Amino acid sequence: MGGPGFLEKAQKSINTYVVSWFFASGLLLIGVWWSADKWLPDKPLMTLGLLVGTWFILSLLIGSFVARQVNKPLTALSHAIMHVSPSPLPIPAPDLEKLSLAKELITNLTRQVYDYASRADIPPSANSPVAMTIQQLPICVMGIDEEANIVFANPKTQEYANTQENLVGKNLYNQFDILFKNDITLEEWIEQCRTKSVTAQKIWHGVRMTTYGEENRYCDLGASYVKQADGNKTEVVLTAFDETENYGGENKELSFIALAVHELRTPLTILKGYIEVFEDELGKNLNPEMQDFMQKMQAAAENLTAFVGNILNVARIEENQLSLRLTEEDWKNTLNGIVNNMQMRAKVHGKVIELTVPDGLPPVGIDRVSIAEVVINLLDNAIKYSPHDKKLIKVNVAMTKDGLVETTVEDFGVGIPETVMPHLFEKYSRNHRNRSYIAGTGLGLYLSKALVNAHGGNIWVRSKESQGTIFGFTILPYSQLADEDKNGDNKGIVRSAHGWIKNHSLSRQ
């Protein structure tokens, strides 16, 4: 406990501290009076005024300094209380080593605060009213220990897990396949809490949480963390609200669209074949107007091909079925080929793509088909969102300070509003101001982010309205890919591209 011994010791140290400072100020006043009497022997009023002024200044300075020092222990204790209190704004734990007064008392009291907070969420006994209420709740409630073993689970959790076996004692990650949508995972969040918090809460929306091998199910997952104390095995209490009807509908809709779009591939391939035949056989004999029509047909066919590819690949990502094979490639040659294929589409829209690639780039580890989709999506956006009087689109490549190969696509078009930026890489995200007159699915950037991440890189954006936008992404030199990922025959490195983040490190791909 805090103990009267610690309290008395703190009181004595504070009294000594205050008396010492005022004794020092008294000595300083005597020194000022002695100096004034020596140098101003015939001016008593001036000496008195100097003493009064010195006393006033000393009172302000020393008084405020002493007050701050004396209040530091109380401030540290209040920060400890706020640190363990649930709050959307985390308060850091106080650094008790910096205390010079009442250090032992505050350290002891802070330890009691932490211990009380740790014990506050110890699960109630099985026969308590709280435990009985948990058993009757229509939502999943379970507790896990520091090794992610299930300590308790209510009947709804058993039903959700689709098992008659007792879940207590089983590992959470062995029972459930938990995937998060573009967010920190449960495992990562718990690790952060262990180093930074005594108590914490978090909610994830649209989590894919299923038993292994079962049909996809979705839930809103809540977690409450409490630093463990003696006798308390429960580190995290989890609650799961089954929202499969709400979240699953979106994916069923996407699957239906993908199925329908898949049927477009055959007639589209035939159409592109005829266009190529016409261009080879009749291109030289056509007048400029007809040649322009042919170019527009070819650009439209390529645009439709990209649309079909985006839809199908997003559907594969949602089902974790899209795999990439990363091979060692020359980025300059690869990028030149992609940009040359896009020049026709740019020309049809009155745009010019300017490519700048330095010599001496290291070989990169890429999947040529998927990385081409990323560049095509970024260039397509630059073409669509640039007004008629802004013809130039710049593509630049450079090495970052971390040794990554960075590619940027810059346009000078309408720009992106700040309100849209935080959701730009989410599925179906589009700017409401121009969606009515600029075609698009809202899937291109979502797909690009998933593909770049699968390559081990990052994608970013900078934009200012009415001035333009810069998209950039990084890819790794082949030499930087993890040695354990490399195949000796150099046929490639297989990576999965998915928008979901696997929760448990042992099961990550």
Side-chain angles (χ1 to χ4, degrees), residues 275 279 283 286-310 332 335-358 371-398 406-426 428-449 452 459-473:
I275 292 174
E279 186 176 17
L286 297 176
N287 60 43
E289 183 180 14
M290 295 300 293
Q291 288 180 352
D292 182 60
F293 289 161
M294 187 69 68
Q295 290 176 353
K296 289 181 178 178
M297 287 173 59
Q298 186 176 3
E302 293 294 339
N303 191 33
L304 184 56
T305 301
F307 167 80
V308 169
N310 279 350
K332 185 174 184 177
L335 195 58
N336 266 315
I338 299 170
V339 171
N340 286 339
N341 290 335
M342 287 294 293
Q343 290 287 9
M344 178 65 68
R345 195 182 307 181
K347 181 179 178 181
V348 168
H349 291 83
K351 305 293 186 293
V352 176
I353 302 174
E354 180 184 279
L355 175 62
T356 304
V357 184
I371 207 67
E373 288 192 63
V374 174
V375 179
I376 289 171
N377 280 327
L378 298 183
L379 285 173
D380 190 52
N381 283 344
I383 292 171
K384 289 192 298 186
Y385 291 98
S386 295
H388 295 295
D389 58 336
K390 304 293 184 181
K391 299 183 179 300
L392 183 61
I393 296 170
K394 293 184 177 181
V395 179
N396 294 303
V397 180
E406 183 175 67
T407 304
T408 59
V409 177
E410 181 179 8
D411 68 65
F412 304 91
V414 297
I416 304 170
E418 290 186 6
T419 55
V420 178
M421 295 283 278
H423 308 287
L424 201 58
F425 294 100
E426 295 177 3
Y428 304 124
S429 174
R430 298 203 60 207
N431 182 2
H432 65 278
R433 298 183 186 177
N434 50 43
R435 68 173 63 181
S436 60
Y437 60 89
I438 297 180
T441 61
L443 295 175
L445 292 179
Y446 169 81
L447 175 63
S448 297
K449 179 177 174 61
V452 170
I459 190 168
W460 52 267
V461 59
R462 290 198 300 268
S463 183
K464 185 171 288 188
E465 287 193 80
S466 303
Q467 295 186 24
T469 302
I470 302 177
F471 280 95
F473 66 92

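As the structure is a prediction and not an experimental result, all values here were calculated from the model.
Scanning for side chain to side chain contact (heavy atoms under 4.5 Å, CB included) contacts around S463 gives I416, M421, T469, with sequence neighbours left out. Take E406 and apply the side chain to side chain contact (heavy atoms under 4.5 Å, CB included) test, not counting sequence neighbours, and it matches T400, T408, W460, T474. Legend: residues meeting salt bridge (charged side-chain N to carboxylate O under 4.0 Å, His left out) with K332, ordered by chain and number and at least two apart, are D359. Legend: residues meeting side chain to side chain contact (heavy atoms under 4.5 Å, CB included) with K390, ordered by chain and number and at least two apart, are P387, F412. Under the side chain to side chain contact (heavy atoms under 4.5 Å, CB included) criterion, P422 pairs with no residue at all, not counting sequence neighbours.
Side-chain contact between L335 and V397 is present, with heavy atoms from C-beta onward closer than 4.5 Å. Between F425 and V461 there is a side-chain heavy-atom pair separated by less than 4.5 Å. Between M342 and I383, some side-chain heavy-atom pair lies under the 4.5 Å cut-off. Side-chain atoms of L445 and N377, non-hydrogen and from C-beta on, never get closer than 4.5 Å to each other. Between I459 and S448 the shortest side-chain heavy-atom distance falls below 4.5 Å. Two residues are said to be in side-chain contact when any heavy atoms from C-beta on lie closer than 4.5 Å; E465 and P417 meet this criterion. Inter-residue side-chain proximity for I470 and V409 is flagged as unmet; no heavy-atom pair is nearer than 4.5 Å.
Partner L379 forms a side-chain contact (heavy atoms from CB on, under 4.5 Å) with one of V374, I393, N341 and no other, that one being I393.
Nearest approach of I338 to A372, heavy atoms of both residues: CD1-CA, 3.6 Å.
Taking OG1 from T407 and CZ from F473, the interatomic distance works out to 4.0 Å, rounded to the nearest 0.5 Å. Taking CD from E418 and NZ from K464, the interatomic distance works out to 9.0 Å, rounded to the nearest 0.5 Å.
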With a 3.5 Å cut-off and sequence neighbours excluded, list the donor-acceptor pairs that the side chains of residues 347-355 form with protein atoms.
unit_1	atom_1	unit_2	atom_2	d
H349	ND1	R345	O	3.0
K351	NZ	H349	O	3.1

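With hydrogens and angles ignored, the 3.5 Å screen pairs no side-chain donor or acceptor of D380 with any backbone N or O of I376.
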